[in-house]
Amino acid sequence: MKGILARILYSLLLALSVVFFFQKGYLEKAELVFYDWRLSRFAEESSPVAPMVIVGATENFQMKTGQPLSRKSYDLLLSKLEKGNAGVIGFDIFFPHADDTDTANLISSIKRSEKVVLPVFSPVKLENRNGIFYPTSEIRSSSDQFNSAAASLGHINVFPDRDQVVRKIPAFIQHGKTKFPQISLEMARIYQGKENLIFRHPRLIRPPAGNIPVNLDGTIYIRMLSQNE
């Protein structure tokens with residue numbers, strides 16, 4: 001009997017020690033290394049690619065095209081993506097001003113498209129949490145003319161780990177009473193024609209199809225794709 005009690009006590013102490021070190025962040029590095037190894041060794045088979053596009057811009061644009069980046073460039077790109085049957089088009093780009101002819105044309109194209117999702121961003125560090133929602137006191141986005149023309153808005157905040165690698169993102173942020181899904185989730189919702197996003201906290205089994213596996217801390221892990229996908 002004493003031997004059994006000793007083993008139970010030892011197990012409890014070991015479990016409490018693991019919880020303590022985990023809460024203090026001492027095991028985070030080991031956890032991240034294991035997560036990266038698991039992704040590289042046990043990646044899931046590729047799913048059918050949905051016709052969704054996120055548009056970004058780099059400093060290489062002008063060097064490769066010989067032309068400065070402009071609202072006219074985005075308007076032309078939007079037209080080409082629609083001709084290519086893009087289902088939903090997200091922009092990782094802000095349009096804070098609306099004061100010229102090219103801008104007016106782009107706004108008209110976005111409104112006519114009915115499939116463009118524009119970004120919002122919290123410049124305030126997301127530390128507090130209300131359930132799965134991360135409240136923020138400040139939001140940055142495009143001008144009202146652009147936002148009202150878009151089909152919807154989605155946030156582009158991320159949570160870098162201690163090694164500055166981004167492995168997970170907040171599923172939702174909240175500004176006042178307005179809640180913003182992560183931009184890829186909002187794009188998927190629009191593409192699937194759903195009224196709302198359905199989420200579930202994963203346990204030992206995979207959530208049913210159509211449910212977003214949101215962690216208890218309100219984040220979702222990024223599925224890292226290989227360079228061939």
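We number each residue from 1, following the sequence as shown.
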A.B. asks: For the pair Lys179 (side chain) and Ile173 (backbone), establish whether a donor and an acceptor sit closer than 3.5 Å, ignoring hydrogens and angles.
C.D. replies: no

A.B. asks: Grouping I, L, V, M, F, W and Y whenever their side-chain heavy atoms are under 4.5 Å apart, do Val158 and Phe172 come out in a common cluster?
C.D. replies: yes

A.B. asks: Is any side-chain heavy atom of Pro170 closer than 4.5 Å to one of His155?
C.D. replies: yes

A.B. asks: Quick one, Leu126 with Phe159, criterion side-chain contact (heavy atoms from CB on, under 4.5 Å). Give me CA distance, side-chain angles, the key distance, then yes/no.
C.D. replies: CA-CA 9 Å; Leu126 301 173; Phe159 283 152; 3.9 Å; yes

A.B. asks: CD of Gln145 to CD1 of Ile110: how many Å apart, nearest 0.5 Å?
C.D. replies: 11.5 Å

A.B. asks: Compare all side-chain heavy atoms of Ile156 with those of Val120 and state whether any distance is below 4.5 angstrom.
C.D. replies: no

A.B. asks: Given ring-ring contact (aromatic ring centres under 6.0 Å, His included), test Phe121 with Phe180 step by step and report yes or no.
C.D. replies: CA-CA 10 Å; Phe121 177 77; Phe180 299 99; over 10 Å; no

A.B. asks: Just do the side-chain contact (heavy atoms from CB on, under 4.5 Å) check on Ile93 and Val55 with the steps written out, would you?
C.D. replies: CA-CA 7 Å; Ile93 301 165; Val55 178; 4.1 Å; yes

A.B. asks: Please check if the side chain of His97 supplies one atom and the backbone of Thr103 the other of a donor-acceptor pair under 3.5 Å.
C.D. replies: no

A.B. asks: Report the C-alpha distance between Glu114 and Arg112 in whole Å, list the side-chain angles of each, state the deciding distance to 0.1 Å, and finish with yes or no for side-chain contact (heavy atoms from CB on, under 4.5 Å).
C.D. replies: CA-CA 6 Å; Glu114 298 182 343; Arg112 184 171 58 252; over 6 Å; no

A.B. asks: Which pair of heavy atoms, one from Gly87 and one from Tyr191, lies closest together, and at what distance?
C.D. replies: CA-CD1, 4.4 Å

A.B. asks: Enter the distance from Tyr134:OH to Arg129:CZ here, rounded to the nearest 0.5 Å.
C.D. replies: 5.0 Å

A.B. asks: Which value, rounded to the nearest 0.5 Å, describes the distance between Asp92 atom CG and Ile183 atom CD1?
C.D. replies: 6.5 Å

A.B. asks: Please report the interatomic distance OG(Ser79) to CG(Leu106), rounded to the nearest 0.5 Å.
C.D. replies: 11.5 Å

A.B. asks: Would you say the side-chain atoms of Glu186 pair up with the backbone N or O of Ala188, donor to acceptor, closer than 3.5 Å?
C.D. replies: no

A.B. asks: Without swapping roles, check the side chain of Asn215 against the backbone of Asp217 for a donor-acceptor pair under 3.5 Å.
C.D. replies: no

A.B. asks: Do side-chain atoms of Ser73 reach the backbone of Leu69 as a donor and acceptor pair under 3.5 angstrom?
C.D. replies: no

A.B. asks: Do Ile89 and Val117 have side chains that get closer than 4.5 Å, going by heavy atoms?
C.D. replies: no

A.B. asks: Is atom CG of Asn60 surrounded by more than 12 heavy atoms (other residues, nucleotides or ligands) closer than 6.0 Å?
C.D. replies: yes

A.B. asks: Measuring from Ser143:OG to Ile107:CD1, what's the distance to the nearest 0.5 Å?
C.D. replies: 5.5 Å

A.B. asks: A quick test of your reading: do over 12 heavy atoms of other residues, nucleotides or ligands sit less than 6.0 Å from CZ of Arg140?
C.D. replies: no

A.B. asks: May I ask you to decide if Ser142's main-chain N or O and Asn147's side chain share a donor-acceptor pair within less than 3.5 Å?
C.D. replies: yes

A.B. asks: Locate the shortest heavy-atom distance separating Val53 from Ala86; write the atom from each residue and the value.
C.D. replies: CG2-CB, 4.3 Å

A.B. asks: Anything under 30° is parallel, anything over 60° is perpendicular, the rest tilted; go ahead and classify Phe95 against Phe146.
C.D. replies: parallel

A.B. asks: Give a yes or no answer on whether the side chain of Ser109 reaches the backbone of Asn105 with a donor-acceptor pair at less than 3.5 Å.
C.D. replies: yes

A.B. asks: Looking at CZ of Arg71 and CG of Asp102, how far apart are the two atoms once the value is rounded to the nearest 0.5 Å?
C.D. replies: 9.0 Å

A.B. asks: Restricting to non-hydrogen atoms, name the atom on His175 and the atom on Thr136 that form the minimum distance, rounded to 0.1 Å.
C.D. replies: CD2-O, 3.3 Å

A.B. asks: Same hydrophobic cluster for Ile169 and Val124, using side-chain heavy-atom links shorter than 4.5 Å among ILVMFWY?
C.D. replies: no

A.B. asks: Could you check whether any side-chain N or O of Asn157 sits under 3.5 Å from a backbone N or O of Ser122, counting only pairs where one atom can act as donor and the other as acceptor?
C.D. replies: yes

A.B. asks: Output, in order, the C-alpha distance, side-chain angles, deciding distance and verdict of side-chain contact (heavy atoms from CB on, under 4.5 Å) for Ser152 and Ile190.
C.D. replies: CA-CA 9 Å; Ser152 189; Ile190 292 174; 3.7 Å; yes

A.B. asks: Which heavy atom of Ile220 sits nearest a heavy atom of Ala171, and at what distance?
C.D. replies: CG2-CB, 4.2 Å

A.B. asks: Quick check against the 3.5 Å criterion: does Arg189 have a side-chain atom that pairs as donor or acceptor with the backbone of Lys194?
C.D. replies: yes

